[in-house]
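Keep in mind that the numbers below use all heavy atoms, side chains included, and drop hydrogens, waters and symmetry copies. Numbered from 1 within each chain, the chains take letters A, B, ... in sequence-line order. If you're wondering where the values come from, they're calculated on a predicted model, not measured in any experiment.
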2 protein chains.
Amino acid sequence: MVTIREVARVAGVSVATASRALNGLANVNVETRGRIEAAAARLDYVPHSGARSLTRRRSDTIGVILPDLFGEFFSEIIRGIDMVVHDAGKILLLGNMHGSPQETQQAIRAMRGRVDGLLVMPPNSDAATLGLTGGWRIPTVLLNARPYDGGLPFVTVDNYAGARLVTEHLVARGATRIVHVAGPQDNNDARERERGFRDVVREALGDTTPLVVPGDFRDGAGRSAARSLLARQSVFDAVFSANDLMAVELMAELRDAGIVLGSQVLVAGFDDIPLARYVTPQLTTVHSDITRVGIDGARLLLRILDGEDPGEGGRLVIAPTLAVRGSTGPAE
Amino acid sequence: MVTIREVARVAGVSVATASRALNGLANVNVETRGRIEAAAARLDYVPHSGARSLTRRRSDTIGVILPDLFGEFFSEIIRGIDMVVHDAGKILLLGNMHGSPQETQQAIRAMRGRVDGLLVMPPNSDAATLGLTGGWRIPTVLLNARPYDGGLPFVTVDNYAGARLVTEHLVARGATRIVHVAGPQDNNDARERERGFRDVVREALGDTTPLVVPGDFRDGAGRSAARSLLARQSVFDAVFSANDLMAVELMAELRDAGIVLGSQVLVAGFDDIPLARYVTPQLTTVHSDITRVGIDGARLLLRILDGEDPGEGGRLVIAPTLAVRGSTGPAE
DNA sequence: TTGAAAGCGCTACCAT
DNA sequence: ATGGTAGCGCTTTCAA
């Protein structure tokens, strides 16, 4: 492997001069620079970024720690992050977190000395548990975490607001017995969505004990939720599912049971996955710009790495919007 | 920032001993080890992986260079890679390649000294152009590239075979005038699919100049393809779209024009995206286990990094399968 | 403008 | 079992 030493030797200069020339510093004789560049090209010299990071004390690398995410969600958020990180001439180090908080904490520690900053999305544990607030600190921005968790800057979709939006919409459309299909109870997003649902149902309908069917966000959960509702012959005129995937399955199951969607029973979801527009009737849902979470999170982190103190600007809440479609009634 | 030096000082030992203890080597007195671990814990010492990589001459990091991919595709392949890489105690460095081959080559060079090996998916350029075959070499496995490109090991989905499969299916279902909606011409996958289509159409129908409508794999292309077919009043009884996304859009457009899908016109796609099962009629398509590409590619690379010469085992072709659904006729 | 040399934080070799 | 020390490949003072 050819090192800068060898380039210097071939060009007949010191490594110091070679380094300066290769990094485009001004104080190098133009003719000397030529010799060095020629030598580097001829030897096919490629700088060793690892060593470079060590001396410069920066890696130009951003660490990203995400949970196990479903298709679109994962790629969209990465796309957002990559867009801004790439433009800043940096690169991404990926650390998925399957498994326990301990394992995740391990993954985070392993990033020490490889990254300048961290983007962490902790779906079911808080910053302290992950060792983000300990003695060893690395600039970190939380994505979709509990706001104000550990005092760390964050970018988050307002799940609570989104849930309120959609529940209020169901009420406005005349629903009075709304069922909620919940997500995993250890998931922050799921809890916030359920909270928004409960609050609106209580405020608008005076219902303090609405029916909540458990779910887990995954394949199959919507189906079982529908069956369970059907089996116990629950009385309901609307369903708010904590995510679209479950909503879509539930719709299929209800329709098979002879229920007319969009009139007899209104259905709404959360996430606005591409599928939502393709089912019949199209699914009313909460749209949140997830790419935005990546973009804003990365931008925020970059600013912090530049030494800026974001202050209140380090607490970003992204407001979701309601996408009204056929599953909650005919277009107005 | 606390270094191993400090831990050693606090524990009253040399850095050498500290290093040995912290790395779990055997030749350390149990009591000494205790002191060192206690010191490390108290100081909240986290090893600097960058420095570690430099001395050990390995980073335990795998570089992944992918093009701009659509949702599912991207996440599935990353998931596959991550599964095996994670199990091997390694981590992923992500380098998306938007833009020119030059820019990509730059991204690849930037990985020198940060990764032990590379997984590269070059959709529209060959290994040589990307500098993968030059003087500076890093162990590399190609994903979904032209087979035998630069003599590098590869894992690839057999697009040609998949296209043959689906075209033969259309012929078997009685189609005689099959239109192909192609993908981008600079895309390897797209070219292979078109080639498979042309070969079967020629062999089975004797048609050497089938109608091929240009497309680009993206949103909108299926719609325009359909409109263009309708506008010029082409005669056709089947469409093979180079990917599902375009197929789904095309189906919607044809149906709006009053065409009965699955009988009047058969439609088939390629990729088997989740959406394919949710449209009506469900879309017949070619299913390729894309996660498998990630898994096998990563495994292959790991074996190479272990010093193994995979020989012929370093040339993996993954055979796609046909998923027959309603868009090519009633279930048999 | 150039070079010598001191690290960056760690591991591994060679002594003891 | 432990310590001293020479690097890993590079950047960056400090002098010249």
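Comparing dA1(D), dA4(C), dG3(D) against the side chain of Ala16(A) picks out dA4(C) as the nearest. Of all nucleotides listed (dC8(C), dC10(D), dT1(C)), dC10(D) comes nearest to the side chain of His48(A).
For the side-chain contact (heavy atoms from CB on, under 4.5 Å) criterion with Leu132(B), the lone passing option out of Ile138(B), Asp126(B), Leu142(B) is Leu142(B). Screening Val15(A), Val13(A), Ile36(A) for a side-chain contact (heavy atoms from CB on, under 4.5 Å) involving Val7(A) leaves a single residue, Ile36(A).
Counting to the nearest Å, the C1' atom of dT12(D) and the CG atom of Leu54(A) are 13 Å from each other. Nucleotide dC10(C) holds its P atom 15 Å from the CG atom of Leu25(B), rounded to whole Å. Regarding Arg58(A), its CZ atom lies at a distance of 13 Å from the P atom of dT11(D), rounded to whole Å. Straight-line distance from the CZ atom of Arg56(A) to the P atom of dC8(C): 16 Å, rounded to whole Å. Spacing between atom CZ of Arg114(B) and atom P of dG9(D) amounts to 16 Å, rounded to whole angstrom units. One interatomic measurement links the two molecules: CG of Asp60(A) to P of dC10(D), which rounds to 16 Å at whole-angstrom precision. Atom CZ of Arg20(B) is separated from atom C1' of dC13(C) by 10 Å (rounded to the nearest Å). Atom pair Ile4(B):CD1 and dA12(C):P shows a separation of 11 Å (rounding to whole Å applied).
Phosphate contact (OP1/OP2 of dG3(C), side-chain N/O of Thr17(A), threshold under 4.0 Å): present. The phosphate of dG3(D) (OP1 or OP2) has a side-chain N or O of Ser14(B) nearer than 4.0 angstrom. Residue Ser19(B) places at least one side-chain N or O under 4.0 Å from the OP1 or OP2 atom of dT11(C). Side-chain N/O atoms of Asn23(A) include one lying less than 4.0 angstrom from OP1 or OP2 on dT11(D). Contact check, Thr55(A) against dT12(D): no side-chain N or O comes under 4.0 Å of OP1 or OP2.
The residue Asn29(A) sits close only to the backbone: its heavy atoms come under 4.0 Å of sugar-phosphate atoms, none of a base.
Position along DNA chain D of the nearest nucleotide to Ser49(A) versus Glu31(B) favours Glu31(B) as the more 5'-ward residue. Ranked by how close their nearest DNA chain D nucleotide is to the 5' end, Ala51(A) and Thr32(B) are led by Thr32(B).
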Report task. Apply salt bridge (Lys or Arg N to Asp or Glu O under 4.0 Å) to the pair Asp60(B) and Arg58(B), showing each step before the final yes or no. Result -> CA-CA 6 Å; Asp60(B) 286 324; Arg58(B) 54 181 291 181; 2.8 Å; yes

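Remark: the Asn23(A) side chain and the Arg52(A) side chain contain an N/O donor-acceptor pair separated by less than 3.5 Å.
The base of dG9(C) is not paired with the side chain of Arg57(A) by any donor and acceptor separated by under 3.5 Å.
Between His98(B) and His86(A), the ring planes are perpendicular. Angles over 60° get that label, and only those under 30° would be called parallel.
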